[in-house]
Number of protein chains: 2
Amino acid sequence: MHHQTRNITVQENTIVKASISKQIAEQLRAAIVAGQFKIGQRLPTEDELAQRYGVSRPSVREALKRLAAQNLVRAKRGPTGGNFVVQPSYAELAESLSGAATLLVGMGALGIEEIIEARRALQGSCIDLAANNASATHIQNIEAALNRQQDPGISDEAFCQADVAFHRALVDATDNGMLRFVMYTVIEALIPVTNMVVTVVRERSDIISLHRQMLEHLKQGDSDALKKRMDELLDYLLQKFEQASACRA
Amino acid sequence: MHHQTRNITVQENTIVKASISKQIAEQLRAAIVAGQFKIGQRLPTEDELAQRYGVSRPSVREALKRLAAQNLVRAKRGPTGGNFVVQPSYAELAESLSGAATLLVGMGALGIEEIIEARRALQGSCIDLAANNASATHIQNIEAALNRQQDPGISDEAFCQADVAFHRALVDATDNGMLRFVMYTVIEALIPVTNMVVTVVRERSDIISLHRQMLEHLKQGDSDALKKRMDELLDYLLQKFEQASACRA
DNA sequence: AAATTCTATTTGTAATACAAATCATGTTAA
DNA sequence: TTAACATGATTTGTATTACAAATAGAATTT
């Protein structure tokens, strides 16, 4: 058996014991981050990786699955197929982020009040930036989301989707990738509340009304008024949430 | 062969084709989020899962690896072992977050200027909250990190670690989990800059001096002064970063 | 020349076997 | 009786092999 000696090769790099698939996942990740494998490039076949690291193919595959779960690689079958390094997109990253956030909410590790407070704290300066940097395209996007929301025929799910789109578009107007990355998480974490609220028709129009005012303020570059409306929106959500909680208790 | 029919069972839930391991990963994730498996609880053995879903054990394992990469489950060996639903901790989640953020930075999708701007935008209201909610313990933690930083004997790496700890502790003082979750990401994304800066001795003392002032302001609850110092710190970092960039160009 | 079939390559899945870890139980010795 | 130790059972970790499925390109046939 030759894989014993190869095994040592793997472990001497990372010193000690973590499962082999984890070690390999980390080595591959490091190689990717270091630019050894560039974006869009195909990395060696699973067989080749298995040979190179001196492990079995299933182990390599487990490692690749870990990376796939992080949206770092994507597999394609066939002769031209293989495992490709993937360009990490905001959308996907934000999705995994908000997945984590909703998980925390769902498990009760994060309270809704906490999220609203955080949102309140973070939005202020975002709005300043948005009011400064908003381009015509940004405003169009916001308007489009608002229009979708105003359609009375849409389902609750669609309404919530449009709600998320509205707030995302608002953050997009800051024109700052890092802010988007971070704020998307907070926005997504608030979805449960919105879901809870929009089941009643009256609530929809309240929200839409606030949104419409916010858009107007943004167009006029009045960031103070915009902040005020956003504050009102959060107050509204918090109040409705507490009503619903009290009702259930 | 019985697994043909079972295979259909799996697919009819998710309609169509995604790799089996992915389907199973999603089903398990959904089950966990839905509370079907509670935190800390052991889920069925891999063999049992394989039988239940009508797939092979390697497929189940690939699915579990995906979940493990998301810090959703953890495996333990032995008779009392198994795959356990894990309490998602801020630390680990934030780690995976910042991993993603550093990835974006490393691949050039996020610029340092962008990160600093984001940090500047987000910190303000955080500071207000921190000044209001900071407990004695919080302040102790901040002080401890500062003390570690002041030790002239420590390495550059240790200095940066202490720097991160300082800013984290500052955010912790807000006593808001969501804010921590989000701000950790921004803080970690700034590490490369700090790394770049602290290589010179002079810079260390500049940073420490600002940190010490910030701590004092916090103790006195003077959030305005605290914000000002933080702004100066960011100005400083940005300036040094641009120097370094210009130098290299 | 175009359409089709064939073939090679690569990932996806399965089945099985054994290794390693670890806890529980029983056994032995003090 | 108690404590230390050994043994076994259980579960994940890894390896091996084989075959299925997808797919692109080449070869073949019409």
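- An end-to-end axis angle of 20° holds for the helix from dA1(C)-dT30(D) to dA30(C)-dT1(D), taken from five base pairs per end and rounded to 10°.
- Distance check: D156(B) CG to D163(B) CG gives 12.0 Å after rounding to the nearest 0.5 Å.
- What separates NZ of K22(A) from C1' of dG13(D) is a distance of 14 Å, to the nearest Å.
- K38(A) and V85(A) get closest at one heavy-atom pair: O-CB, 3.5 Å.
- Distance OH (Y53(A)) to C1' (dA15(D)): 18 Å, rounded to an integer number of Å.
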Polar atom pairs between nucleotides 10-12 of chain C and protein, under 3.5 Å, N or O only, would you list them?
unit_1	atom_1	unit_2	atom_2	d
dT10(C)	O4'	G78(A)	O	3.0
dT11(C)	OP2	E46(A)	N	3.2
dG12(C)	OP2	R61(A)	NH1	2.6
dG12(C)	OP2	R61(A)	NH2	3.2
dG12(C)	OP2	K65(A)	NZ	3.4
dG12(C)	O4'	R77(A)	NH1	2.9
dG12(C)	N7	R57(A)	NH2	2.7
dG12(C)	O6	R57(A)	NH1	3.3

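- Using modelled atom types, one side-chain atom of N176(A) and one backbone atom of E114(B) make a donor-acceptor pair closer than 3.5 Å.
- Smallest separation of non-hydrogen atoms from P44(B) and F37(B): CD-CE2, 3.8 Å.
- Counting to the nearest Å, the P atom of dA24(D) and the CZ atom of F84(A) are 10 Å from each other.
- Taking CD of E48(A) as the reference point, atom OH of Y53(A) lies at 11.0 Å (rounded to 0.5 Å).
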Run the side-chain donor-acceptor check on residues 59-82 of chain A: report pairs under 3.5 Å with partners two or more places apart or on a different chain.
unit_1	atom_1	unit_2	atom_2	d
S59(A)	OG	S56(A)	OG	3.2
R61(A)	NE	E62(B)	OE2	2.6
R61(A)	NH1	E46(A)	OE1	3.3
R61(A)	NH1	E46(A)	OE2	3.0
R61(A)	NH2	E62(B)	OE1	3.3
R61(A)	NH2	E62(B)	OE2	3.2
E62(A)	OE1	R61(B)	NH2	3.3
E62(A)	OE2	R61(B)	NE	2.7
E62(A)	OE2	R61(B)	NH2	3.2
R66(A)	NH1	S21(A)	OG	3.0
Q70(A)	OE1	R29(A)	NE	3.2
R74(A)	NH2	E92(A)	OE2	3.1

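- Of the possible donor and acceptor atoms, one in the side chain of N133(B) sits under 3.5 Å from a partner among the backbone N and O of T174(B).
- If you take CZ of R74(B) and P of dG13(D), they are 12 Å apart, rounded to a whole angstrom.
- Here the straight-line distance linking atom CD of Q27(A) with atom CZ of R52(A) works out to 11.0 Å at 0.5 Å rounding.
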